[in-house]
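Numbered from 1 within each chain, the chains take letters A, B, ... in sequence-line order.
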Amino acid sequence: MTLWSGVIHGGFKPHGTDPMNVFADIRTLVMSCLDTLEAAGTLPGGLNRSAITVEPPRDAAHGDMATNAAMVLAKPAKMNPRAIAESLAVELAKDDRITVAEVAGPGFLNMRLADGVWAGVVKAALTDPGYGRSTLGQNKKMMVEYVSANPTGPLHVGHTRGAVFGDALASLLDYAGYDVTREYYINDGGAQVDVLARSVYLRYLEAHGQEVAFEDGTYPGDYLIPVGEALKDKVGDAYVGKGEQFWLEDVRDYATEAMMDMIRDDLASLGIRMDNFYSEKGLYGSGRIEDAIQTLDQKGLIYRGTLEPPKGKLPEDWEPREQTLFKSTEYGDDVDRPVQKSDGAWTYFAPDIAYHYDKVERGFDALIDVFGADHGGYVKRMKAAVAALSDEKVPLDIKLTQLVKLYKNGEPFKMSKRAGTFVTLRDVVDQVGSDVTRFHMLTRKNDAPLDFDFDKVTEQSKDNPVFYVQYAHARINSVLRKAEVPVDDATLAGADLSLAAHEAELKVAKTLAEWPRLVEIAAKGHEPHRIAFYLYDLASDFHGLWNRGNDDTSLRFLQEGDKATTQAKIALIRAVQVVLASGLGILGVTPAEEMR
RNA sequence: GGUCCGUUAGCUCAGCUGGAUAGAGCGCUGCCCUCCGAAGGCAGAGGCCAGAGGUUCGAAUCCUCUACGGACCGCCA
């Protein structure tokens, strides 16, 4: 165990590209051992190594790290996998970091790592504020477009999930080394904002004391009452009794701006700040739509044609009409899509194409759109458009967030827009808070439906992952407060961690070691929920260690009269706290200082 | 008719992009508090990974078909 400090200070990073990422380190080591074997003629050269993985075995009894290198290389090398593994094991064992390397099963190579490796992890977490950050993104420009709700009313629960997901994804990508832009596309160019304007106009008349009726096709929600009143304050009775041609445009702009203010406030209540709001309306008359369509036309992807009627349920008023179509089938779509209606006006799709063309022209290396599940039918055509416009150079990933099912006391909670009983983002945040909302919405992967029970999510018990993770952070805080030794990170980083090398303590350090790798996996897959699950695991390891202190006092963090041991143990849990805080930061959740 | 998503323990869900004996929480069963630390802890039972083929050293994971559930399906936004 004297390895502990000696090995660390002895310089532990000759091979690694990233000295903090144990997995990357060992992978690099495996590669260099393979080089050695090649040089010695034991292995033929030029083998494709891309399928080689280095990961922790599912069963910890197999060791700390395993590689499939021998099995992957066996066939192309025309050698017995076990023979390759044996030679590789010998090479690996020469490295300080590997204490045991043994062949198992069909040719797995299991490694056990020196305790000093794990001590290095703890130390890295304490000394490097960026522990876990990755250079995976290479500073590539990445856009995450999310929310993008129509500016016709407050955000509701469905939007909330998309908002939280998109925001956490953006933070995750930022953490993984991308240059991220968060953007909201304002659908202020279509007929729905005219409907909004007419609805606000009615409220405006109401503010002037008139009786009004909300017919079908208007928005009856109360949230427009203050907008109507504010409009009255602004223009007085100038629009009373006038036809639409006098007020529609002005009221529309006014109302849209009011809605966007409201939406911005809604987002702010969840701690979400967009870098940019992009207006659909601004595309009209700017020539940008024409540009985009013309670009497609030049690639031979635009034509006049008539679509087949949709199969299955045929709309009653269906009749074949000639439209301007985008040949999206060239890029994997099922049918070509109209960009112009039969009357020559743009379809909704056209400005969307222009908007995405704009993203490409702004130089983004990759695009992500976060849509609600009801836009699923839109995915293929949007991908086709971006592929065509960027000559397949800019990848577009579209993440769909599934429905949120609301519960109250275990009872399903019915929403009805008609009856005005739909639940808004604000309702949710006001009731359970931003932190709980955000964390809980990330405890499910985006493409699975999510249950949200107003009572359960605020429950203070270990059944509630939000609480469980927060509690771990707070508990560590409480230990730090009670400690009678210096607990600043610099001092802790100098602790002799061989004093905290019990198997249960090493387990915690090993989980900490997975953090950088997990960040990369989550970032590559655009899956922020992995962060939430990891944090739960880490919290679980920590609580488990804490609980063992009940029976085994030598595992308690504060060891009376033994400063050095106390410091080592605190170093370990402080490292846990650092990682918890980083992870919660990505999710946009405030780490709790104490539980109340 | 088509497209997309889902299907893993009684329930709610993970499963690191193809690895070894498939995991967690709840629920269930059985033990354990004069404790800095029971808003619990430990242990156990519980599985044909929807089904059938295929790909290969190896499949819950990839491909094809089938079944069930959900979302969507000219000019609405």
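A salt bridge links A:Glu505 with A:Lys569: the distance from a Lys NZ or Arg NE/NH1/NH2 to an Asp or Glu carboxylate oxygen falls below 4.0 Å. A salt bridge is absent between A:Asp369 and A:Lys399: the closest approach of a Lys/Arg side-chain nitrogen to an acidic carboxylate oxygen does not fall below 4.0 angstrom. Here A:Asp453 does not pair with A:Lys408 in a salt bridge; the nearest charged N to carboxylate O distance is not below 4.0 Å.
One interatomic measurement links the two molecules: CD of A:Glu484 to P of B:C36, which rounds to 15 Å at whole-angstrom precision. Between the NE2 atom of A:His526 and the P atom of B:U17 there is a distance of 15 Å, rounded to whole Å. Atom CE in A:Met79 sits about 17 Å away from atom P in B:C57, given to the nearest Å. We find that CZ of A:Arg556 is positioned 5 Å from P of B:C36, with the value rounded to whole Å. Nucleotide B:G15 holds its P atom 11 Å from the CD1 atom of A:Ile521, rounded to whole Å. Put simply, CZ on A:Phe467 is 13 Å from P on B:A38, counting in whole angstrom units. Rounded to whole angstrom, the span from the CG atom of A:Leu555 across to the P atom of B:G41 amounts to 16 Å. Rounded to a whole Å, the CG atom of A:Asn547 is 12 Å from the P atom of B:G37.
Pair assignment for B:G2 gives B:C72, based on Watson-Crick or G-U wobble hydrogen-bonding distances that are each under 3.5 Å. In this entry B:C33 has no Watson-Crick or G-U wobble partner, no candidate having both defining distances under 3.5 Å. Applying the Watson-Crick and G-U wobble criteria (two distances, each under 3.5 Å), B:C62 pairs with B:G54. In this structure, B:G44 and B:C28 make a Watson-Crick or G-U wobble pair, each of the two defining distances being under 3.5 angstrom. Summarising the base pairing, B:A39 is matched to no nucleotide, lacking a Watson-Crick or G-U wobble pair whose two defining distances lie under 3.5 Å. Base pairing of B:C13: its partner is B:G23, meeting the Watson-Crick or G-U wobble criterion (both donor-acceptor distances under 3.5 Å).
Here the side chain of A:His543 pairs no donor or acceptor atom with the backbone of A:Ser540 at under 3.5 angstrom. Side-chain N or O atoms of A:Thr324 include none that pairs as donor or acceptor with a backbone N or O of A:Val339 at under 3.5 Å. At distances below 3.5 Å, at least one donor-acceptor pair connects side-chain atoms of A:Ser279 with backbone N or O atoms of A:Lys281.
Checking A:Gln559 against A:Asn187, the closest nucleotide of RNA chain B that is more toward the 5' end is the one next to A:Gln559. Along RNA chain B, the nucleotide closest to A:Asp374 and the one closest to A:Val479 are compared, and the more 5′ of them pairs with A:Val479.
Among the heavy atoms of the strands, none lies under 4.0 Å from A:Leu518. Within 4.0 Å of A:Gly549, counting heavy atoms only, lies at least one base atom of the nucleic acid. Residue-level contact check: A:Lys380 touches the backbone only, with heavy atoms under 4.0 Å from sugar-phosphate atoms and none from bases. Residue contacts shown for A:Pro465 are absent, as no nucleic acid heavy atom lies under 4.0 Å away.
Listed by first and then second residue, the side-chain hydrogen bond (donor to acceptor under 3.5 Å, both in side chains) pairs that reach into residues 372-387 of chain A are A:Asp334-A:Lys380, sequence neighbours excluded.
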How does each nucleotide of nucleotides 5-14 of chain B score, in 5' to 3' order, for protein heavy atoms under 4.0 Å: base (B), sugar-phosphate only (S), or none (-)? SS-----SSS

Where protein sits on nucleotides 19-28 of chain B, one letter per nucleotide: B base, S sugar-phosphate only, - none, heavy atoms under 4.0 Å: BB---SSS--

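The gap from the P atom of B:G46 to that of B:C65 amounts to 37 Å, rounded to the nearest Å. Separation of the C1' atoms belonging to B:G6 and B:G51 is 16 Å when rounded to the nearest angstrom. Across the P atoms, B:C76 and B:G10 are found 48 Å apart, a figure rounded to whole Å. B:U64 and B:C5 have their P atoms separated by 11 Å, given to the nearest Å. Here, B:C35 and B:C31 have their P atoms 23 Å apart, quoted to the whole Å.
Taking the ring centroids of A:Tyr185 and A:Tyr355, they lie under the 6.0 Å cut-off. Checked against a 6.0 Å centroid threshold, the rings of A:Tyr536 and A:Tyr468 count as neighbours. Between A:Phe165 and A:His529, the ring center distance fails the sub-6.0 Å criterion.
Taking the ring axis of A:Phe23 as reference, the NZ or CZ atom of A:Arg517 stays within 45° of it and closer than 6.0 Å to the ring centre.
Nearest to the side chain of A:Lys341, among B:G74, B:C76, B:C36, sits B:C76.
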Check the pair A:His526 / A:Leu172 against side-chain contact (heavy atoms from CB on, under 4.5 Å), numbers first and verdict last. CA-CA 8 Å; A:His526 303 162; A:Leu172 169 61; over 6 Å; no

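The shortest distance between the side-chain N/O atoms of A:Lys75 and the OP1/OP2 oxygens of B:C57 is below 4.0 Å.
A syn base is found at B:C33: its glycosidic angle is within 90° of 0.
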